Amino acid sequence: MELLELRRQARAVIDDPALTYRQRVHRLAAIAENALEPPPVSAECAEALEKRVVCDLYEGNAPYRPRYVLPDYAVLLERGSSFLELAPARDLDEALAHLLIAYTQVPSITGYPVWLGDLDALLEPYAADVDDAELQRRLRLFWISLDRMLPDAFTHANLGPRDTRVGRTALRLERELLQVVPNLSLKVDPELTPDDLVRDAVETVFACGQPHFVNHPMMIAGLGPAYGVASCYNSLPAGGGSHTLVRLNLAEVALRHQGSRATFLDELLPHYVELTAELMQARILHLVEEARFFEHSWLVGDGLLSLDRYTAMFGVFGLAEAVARVLEHEGTPGSYGHDPAADQLAHEILERVAELVATRPMPYCEGSGGRALLHSQSGIDSDLGVTAGCRVPVGDEPALLEHLRTVTPNHALFPAGISDVLAFDETTRRNPEAVVDVIRGAFRTGMRDFTFNLDSNDFIRITGYLVRKSDLAKIERGARHDSTFLGAGSVAQSHVDRRAPKRVVADELDAGPAR
Amino acid sequence: MSSTPVRLADVVPFSWVDGPGNRFVVFTQGCPFDCLACHNPETIPPHPPGTRHQTVAGLLTEIRLAEPYLQGVTVSGGEATAQWRFVRDLFRAVRADPRLRRLTTYVDTNGHALPRVWDALLPVTDGFMVDLKALDPDVHRRLTGRGNGLVLDSIRYLHDRNRLAEVRLLLVPGHNDSADQLERTAAWLAALDPEVRVVVIGFRRHGVRLEFSGTPEATPELLARAREALEDAGLRNVVTV
Ligand code: SF4
C-alpha cells in the first residue's frame with residue numbers, strides 16, 4: 001500500500017465523527033495490518049481473490065489471531081488462569097467475574113469474543129445455593145455487562161440442551177432487556193430438551209428474534225460432544241475453533257461456466273475449490289508458523305485452547321444463482337426452491353463441493369481430521385445480487401413446507417453450520433406450540449440449525465446477527481454496536497428490511513478499514 | 001376405504017389456527033348452513049363447478065409429506081360432517097398408518113349433525129371444535145338459515161363423551177352481541193361445564209358476501225365485554241381472538 005493511501009485511510013478514520021474511540025482504534029489496527037503484503041499465493045489464486053470468486057472476508061492481510069476462538073471456559077472456572085492471576089471460581093460471583101475478565105482478553109477479528117461458552121452448563125453448578133430472585137439479579141447485571149462491554153452482535157452465547165435455572169433465567173432476561181448482545185443459540189436434543197423449554201425459547205423469539213435453534217445430536221455427530229455455535233452460526237469444536245473462513249462464490253464460478261453439467265461439477269468446481277483451499281492454507285501457515293499464535297497465546301498456556309482442536313472453515317454462497325446458470329446452459333431453466341430439478345442440481349453441486357473439501361488435506365486442522373469443514377456462508381453487506389449461503393433468494397421463498405423440503409437435504413453436508421432462515425407470520429404468536437412442532441420436525445428430518453423471523457419486533461436480522469431498527473434509523477450519528485454499521489450496509493444493498501415476512505439474511509463481519 | 005372420495009374446497013399443509021399445534025387441514029366443500037357472516041361463502045354449495053375431487057389415499061400421500069412437522073390433522077369446511085364417511089375413513093387411515101398414527105385428529109364443525117354421525121366419528125377423533133352461532137333459535141335461524149336444536153344437542157353429546165375440544169362463538173355486531181344474549185349464552189355454557197374452552201371470535205368483513213359487507217366489525221371493546229360476561233358466569237377457559 002502506498003504511504004499516501006495509508007495516510008488518507010488513517011485520517012479518514014480519525015476524522016470520522018460517527019466512530020467511538022474504540023471503533024477508531026480497531027480500524028486503525030486494520031489499516032496497519034493491511035499495509036503488509038498478504039501471505040503469498042499462486043497468481044491464479046490471487047486473481048480469483050481479486051475478482052471476488054474467492055473471498056477472505058477481509059480477515060486482514062497478516063493473520064495474527066484465528067478467525068474464531070472458542071475457549072473452553074470450564075477450564076478457567078475449574079482451574080483458574082495464571083495469565084489472568086485468577087484462582088478457581090468458588091461461587092457464582094467469582095464465576096461471573098472470571099468470565100467477564102476472560103472475555104475481554106479473547107482475541108478475534110472484530111475485537112470482541114465471538115463465543116461466550118455454554119453459559120447454562122458453565123454457571124448452573126454455581127447457582128445451586130442462590131435463590132431465584134438473587135440469580136435473576138446477578139445474571140441481569142451480567143447480561144447488561146455483556147451488551148455494554150462487548151458491543152458486537154457476533155458475540156454469541158449458547159444454551160441447552162438441558163433445562164436449567166440459568167438457561168430459563170437467561171431467556172427471561174433476553175425478553176426483558178431486548179439487547180443486541182449476546183447473539184444466542186439453543187442446542188436442542190429430543191432426549192434432553194423438554195418441549196416446555198423449546199416453547200420458552202419460541203416465546204423469546206417473538207420478543208427479540210433470539211435464539212437460533214441447533215440440532216444437538218447432529219452437531220455432536222459432526223464435531224464431537226464439545227462444540228460451540230459462534231458468531232453468525234458457525235459451529236466449531238470448543239476448546240479450539242477455526243483458523244480462517246474463506247468462501248467460494250458459487251455464482252461467480254457459474255459465470256465462468258460453459259457447456260455441460262459434468263464440466264461444471266468435474267472441472268470448474270474442483271479448480272476453484274482448490275484455489276479457495278490454497279488461500280486457506282496460506283493464511284493458516286501464516287497464523288501458525290509466522291505469527292505463531294498458538295505459541296504465545298495465554299489461552300493455550302492456560303489450557304483453554306489447543307491447536308489440535310482447530311479446524312478451518314470452507315464457506316460457500318451464491319448457490320441459487322449457480323443453479324440457475326447451470327440449468328440455463330442445459331436449456332432447461334429452473335429456480336432453486338421452486339423446481340425439483342433445480343433442487344436436485346443444488347444438492348449435486350453441494351455434494352461435489354463437500355466431497356472435494358473432504359479429500360483436500362489442510363494443515364493444522366487436527367480438530368477435524370486434517371480437513372476443512374464446510375460452511376454455508378451467509379454473506380456480507382457488499383454482496384450484490386448474490387444469495388447468502390445455500391438459501392433460497394430473499395423474497396422468493398416458497399411456502400414453509402416446500403421451503404423446509406428444499407433446504408433440509410443440504411444440511412447434512414455442512415458440519416460447520418448452514419443457518420437457514422424460516423419466515424413465520426403473525427398467527428404464530430397465538431400458537432407457539434405450532435412453532436415447537438415445526439422445530440421438532442425440522443430436526444427429525446435432518447435440519448442442522450436454523451432461525452426464524454417475525455416482522456413485528458424492533459430487531460432485524462442481517463445474516464446471523466441482529467441489529468435494532470431503531471439503531472439503524474440513527475446510524476448517521478454513530479452506533480455503539482460495531483455490527484450496526486455492517487447492518488446499515490446490508491439493509492441498503494440487499495433490502496433485508498423489505499423481506500416479506502422478515503427473513504434473516506446473512507452477513508459475516510467486514511473488518512475492512514474503508515468503512 | 002382408501003378410495004373414499006371427498007369434495008374439497010382446499011388443503012393447507014400447515015395451519016396454526018385450526019386446533020392444537022401445527023396442523024394439516026382439509027377444507028371440505030359444501031355446508032348445510034348459509035351463514036350471512038360466512039368468511040368462505042364459496043365453500044357453501046355442495047357441487048360448484050371446479051370442485052376438487054380427492055380420495056383418502058390421495059390425501060394420505062399429501063399428509064405424509066408434511067407429517068414430521070405436524071401435531072395433527074383437522075377436517076374443516078364447508079361442513080366436515082356433511083361428508084362424515086370421508087372424515088371417518090381419513091382418520092381411520094391416519095390411525096392405521098405406522099408413521100401417521102402419532103398425529104391427533106380434530107374436526108371443526110357447525111355442530112349440525114345427528115348422534116349417529118358423532119357415533120361414527122368418535123372412535124377415530126381426538127377432538128371436536130364446534131361453532132355456536134347463537135343460543136337463541138330465532139337469531140340462529142336468521143344468521144344461518146337453520147335452527148340450532150341439533151347444534152345444542154351435539155355440543156352436549158360431544159361434551160358427555162369427553163371430546164368437546166372447544167366451543168367457538170362468532171360475535172356479529174347487531175345480531176348476537178346484545179348483553180342479554182351474551183349473558184344467556186354464558187350461563188348455558190357454564191351450566192354445561194365451567195372448564196369448557198370457549199373461543200370468542202370477532203366478526204371481520206374479510207371474505208364475506210357483498211350483502212353482508214355493511215355489517216360493522218367486532219371491536220376490541222366488544223370482545224372484552226364478551227369475555228367479561230363469560231367469565232362472570234364462571235367459565236374459566238375463555239380465549240378471545
Ligand atoms: S357453517 Fe361455517 S362454512 Fe357453513 S355457512 Fe356457516 S360459516 Fe360458512
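A, B, ... follow the sequence lines: proteins, then strands. Residue 1 opens every chain. Because the structure is a prediction, the values reported are computed rather than measured. These numbers come from the heavy atoms of this one structure, side chains and all, not from hydrogens, waters or symmetry mates.
The shortest non-hydrogen separation linking B:P20 to A:E433 is CB-OE2, 4.2 Å. Nearest heavy-atom pair across A:L401 and B:L65 is CD1-O, 3.9 Å. Considering every non-hydrogen atom in both A:R444 and B:R102, the closest pair reads NH1-NH2, 2.9 Å.
Heavy atoms of other residues, nucleotides or ligands lying less than 6.0 angstrom from CZ of A:R405 number 12 at most. Heavy-atom neighbours of B:H53 NE2 from other residues, nucleotides or ligands within 6.0 Å: above the threshold of 12. More than 12 heavy atoms of other residues, nucleotides or ligands shown are found within 6.0 angstrom of CD on B:E195. Heavy-atom contacts from other residues, nucleotides or ligands closer than 6.0 Å to CZ of A:R162 number 12 or fewer.
With rounding to the nearest 0.5 Å, the separation of CZ in B:F14 from CG in A:L404 is 5.5 Å. One finds the CZ atom of A:R440 at 15.5 Å from the CG atom of B:L70 (value rounded to the nearest 0.5 Å).
In terms of modelled atom types and a separation under 3.5 Å, the side chain of A:N431 and the main chain of B:W16 share a donor-acceptor contact. Panel note: side chain A:D437, backbone B:N22; a donor-acceptor pair is recorded below 3.5 Å.
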side-chain contact (heavy atoms from CB on, under 4.5 Å) assessment of B:Y69 paired with A:T445: CA-CA 9 Å; B:Y69 314 97; A:T445 48; 3.3 Å; yes
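Residue with the most contacts toward chain B among A:P432, A:A442, A:A434: A:A434 (heavy-atom pairs, distance under 4.5 Å).
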